[in-house]
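Only one structure is covered here, and it is reproduced in the block below.
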2 protein chains.
Amino acid sequence: MRRVRQPSLVEQVRTSLLEDIRSGRLAVGDKLPNEYELADQFAVSRATVRESIQGLLEAGHLTRQRGNGTFVAPAPSRHALDTTVSYTAMIREAGHEPSETVLRTLFRAPTPTEADRLGLTLDERVVEVERIRFGDGRPLIYSRDRIPETVLGTTDTDLLGNSLYVVLEWAGHKVTRATAHLKPITANAKIARLLQIRPRTPLLHILQTDHDADGRPVMLSDEWHVADAFDLIVNRRAP
Amino acid sequence: MRRVRQPSLVEQVRTSLLEDIRSGRLAVGDKLPNEYELADQFAVSRATVRESIQGLLEAGHLTRQRGNGTFVAPAPSRHALDTTVSYTAMIREAGHEPSETVLRTLFRAPTPTEADRLGLTLDERVVEVERIRFGDGRPLIYSRDRIPETVLGTTDTDLLGNSLYVVLEWAGHKVTRATAHLKPITANAKIARLLQIRPRTPLLHILQTDHDADGRPVMLSDEWHVADAFDLIVNRRAP
DNA sequence: GAGTGGTCTAGACCACCGT
DNA sequence: CGGTGGTCTAGACCACTCC
């Protein structure tokens with residue numbers, strides 16, 4: 001006797017609560033109805049309500065106090081390093097118009113380091129894409145991304161004009177997890193020229209490995225970020 | 001007919017699975033028994049097994065493929081910026097012996113910026129703690145932490161020799177969430193002297209706000225990190 | 001089609017919080 | 001104490017993936 005529906009009940013309840021928060025019907029600090037009441041209101045089981053709330057807790061929208069209630073928390077930072085993989089979204093969020101230029105794409109054998117990090121043998125090949133991302137026309141990020149040819153499943157370099165995350169998803173290797181190593185450096189002559197900044201300007205270097213749902217490493221990225229363009233934010237949570 | 005027990009069934013199952021992974025009884029890529037079998041083996045309901053697995057998925061230890069199975073994933077980085085709040089643990093993980101020195105503690109009125117970020121009025125007071133953290137005796141992090149006096153609930157500065165997170169937990173404001181703003185900079189004369197490095201050395205500046213379980217901001221930290229001492233890692237996950 | 005994880009229910013009892 | 005979230009069960013059916 002169930003109707004056809006796209007989003008799950010859990011998702012519907014979550015969306016509804018989130019709308020109440022965003023719209024201000026539920027203000028920061030407000031106490032939510034208890035779980036039994038919410039279950040009644042949404043005409044679902046308490047387990048469904050709990051799962052909906054679980055997601056909002058993880059995202060930081062709500063807080064629970066055992067024996068007391070569930071409360072609306074101050075909104076956490078969206079577009080943070082830990083939860084977003086798209087720099088385009090981050091640049092836009094910072095109020096700039098994102099754009100990008102592909103400097104170069106080439107197929108080549110991996111270096112030993114790359115082979116190790118990507119789990120390849122030295123006779124396999126990788127695609128390397130060199131790009132610069134801009135905000136309002138100003139260079140913000142210079143990056144070199146490497147994807148194993150076997151992961152990509154094509155040698156059509158035209159594809160690479162798209163977001164590499166979209167390309168990887170097409171190829172059946174949607175990125176779900178990444179590990180980034182952060183290091184502050186100063187610009188050398190080459191990077192300074194590419195990013196149109198003075199040499200010795202502080203930059204953030206990010207070396208990142210992206211993994212698909214199977215845990216397989218599918219992309220390796222070196223990125224150089226201009227410091228003052230937008231905030232890099234990390235949401236941290238206690239273990 | 002339930003026995004007395006400390007950890008929940010969910011926790012017991014999770015720990016057991018984690019041990020199998022860490023010990024190698026379950027190797028990377030191995031497929032786990034399906035959820036019904038696991039429920040049988042542990043003599044719990046499938047819902048309990050699913051909740052156990054959920055935690056291991058979030059931590060990155062396992063992967064699920066709908067219609068296929070649950071698999072052991074390569075271990076994620078522990079002691080990363082997003083999941084750890086303790087620099088002491090990070091320094092030790094990097095193979096160095098952590099230590100620290102408190103340079104100064106003082107009570108004072110907050111600046112307007114601090115009052116805003118900490119949700120205070122200008123006539124309340126904050127404790128400021130200035131510290132240097134070392135690895136193997138080498139200065140690695142210089143930090144200035146500010147905690148509202150009302151949060152601390154004491155003016156006993158002797159306490160502040162302990163980890164501030166422990167102090168905050170004692171005070172009933174255990175830190176569960178934090179937002180960090182990362183920015184690469186170069187050392188000015190003062191910071192260079194404190195960290196015993198050359199001026200203009202690249203540093204990572206972190207401006208962080210810590211929140212307790214209620215979402216209340218309980219500490220504000222400015223930190224200057226020496227770049228080459230240990231890797232700052234961020235685990236990123238798709239939204 | 002067989003096997004897997006994904007969703008959902010209805011109900012029970014426990015453990016903690018504030019009054 | 002009453003109210004809240006925390007844990008757990010047993011069972012049902014759905015949706016996807018692989019062979």
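To find a chain, count down the sequence lines: A is the first, B the second, and so on, and within it residues start at 1.
Look at CZ on A:Arg14: it is 13 Å from C1' on C:dG6, rounded to the nearest Å. The CD atom of A:Glu35 sits 14 Å away from the P atom of C:dT9 (whole-angstrom rounding). The separation between B:Lys31 atom NZ and C:dG5 atom P is 7 Å, rounded to whole Å. Residue A:Ile53 contributes atom CD1, which lies 11 Å from atom C1' of D:dT4 at whole-angstrom precision. Protein atom CD of B:Glu51 is 9 Å distant from nucleotide atom C1' of D:dG6, rounded to whole Å.
Judged as a salt bridge (Lys or Arg N to Asp or Glu O under 4.0 Å), and not counting sequence neighbours, A:Arg216 has no contacts. Partners of B:Glu130 according to the salt bridge (Lys or Arg N to Asp or Glu O under 4.0 Å) rule, which considers only residues two or more places apart in sequence or in another chain, are B:Arg104. A:Arg146 meets the salt bridge (Lys or Arg N to Asp or Glu O under 4.0 Å) test with A:Glu114, A:Asp222; sequence neighbours excluded. Residues passing the side chain to side chain donor-acceptor pair (under 3.5 Å) test with A:Asp212, sequence neighbours excluded: A:His173. Take A:Glu51 and apply the side-chain contact (heavy atoms from CB on, under 4.5 Å) test, not counting sequence neighbours, and it matches A:Val10. Here A:Glu124 pairs with nothing under the salt bridge (Lys or Arg N to Asp or Glu O under 4.0 Å) rule; sequence neighbours left out. Evaluation of the side-chain contact (heavy atoms from CB on, under 4.5 Å) rule for B:Ala115 yields B:Pro110, B:Leu120, B:Leu122 as partners, not counting sequence neighbours.
Mapped onto DNA chain C by nearest heavy atom, A:Ser45 and B:Arg46 fall at different nucleotides, with B:Arg46 at the one closer to the 5' end.
A salt bridge is absent between B:Arg22 and B:Glu19; no separation between the charged side-chain nitrogens and carboxylate oxygens falls under 4.0 Å.
For the pair A:Thr70 and D:dT4, the criterion of a side-chain N or O lying under 4.0 Å from OP1 or OP2 is not met. Under 4.0 angstrom from either OP1 or OP2 of C:dG5 there lies no side-chain N or O belonging to B:Arg50. Phosphate proximity of C:dT4 to B:Asn34: present, with a side-chain N or O under 4.0 Å from OP1 or OP2. Between B:Ser8 and the phosphate of D:dG6, there is no side-chain N or O to OP1/OP2 separation shorter than 4.0 Å.
Taking every heavy atom of residues 36-43 of chain A and every atom of DNA chain C, pairs under 4.0 Å involve A:Tyr36, A:Ala43, by number.
The minimum heavy-atom distance linking B:Glu223 with B:Ser143 is given by the pair CG-CB, 3.9 Å.
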Just the table, please: protein N/O against nucleotides 15-19 of chain C N/O, every pair under 3.5 Å.
from, atom 1, to, atom 2, distance (Å)
C:dA15, O4', A:Arg66, NH2, 3.1

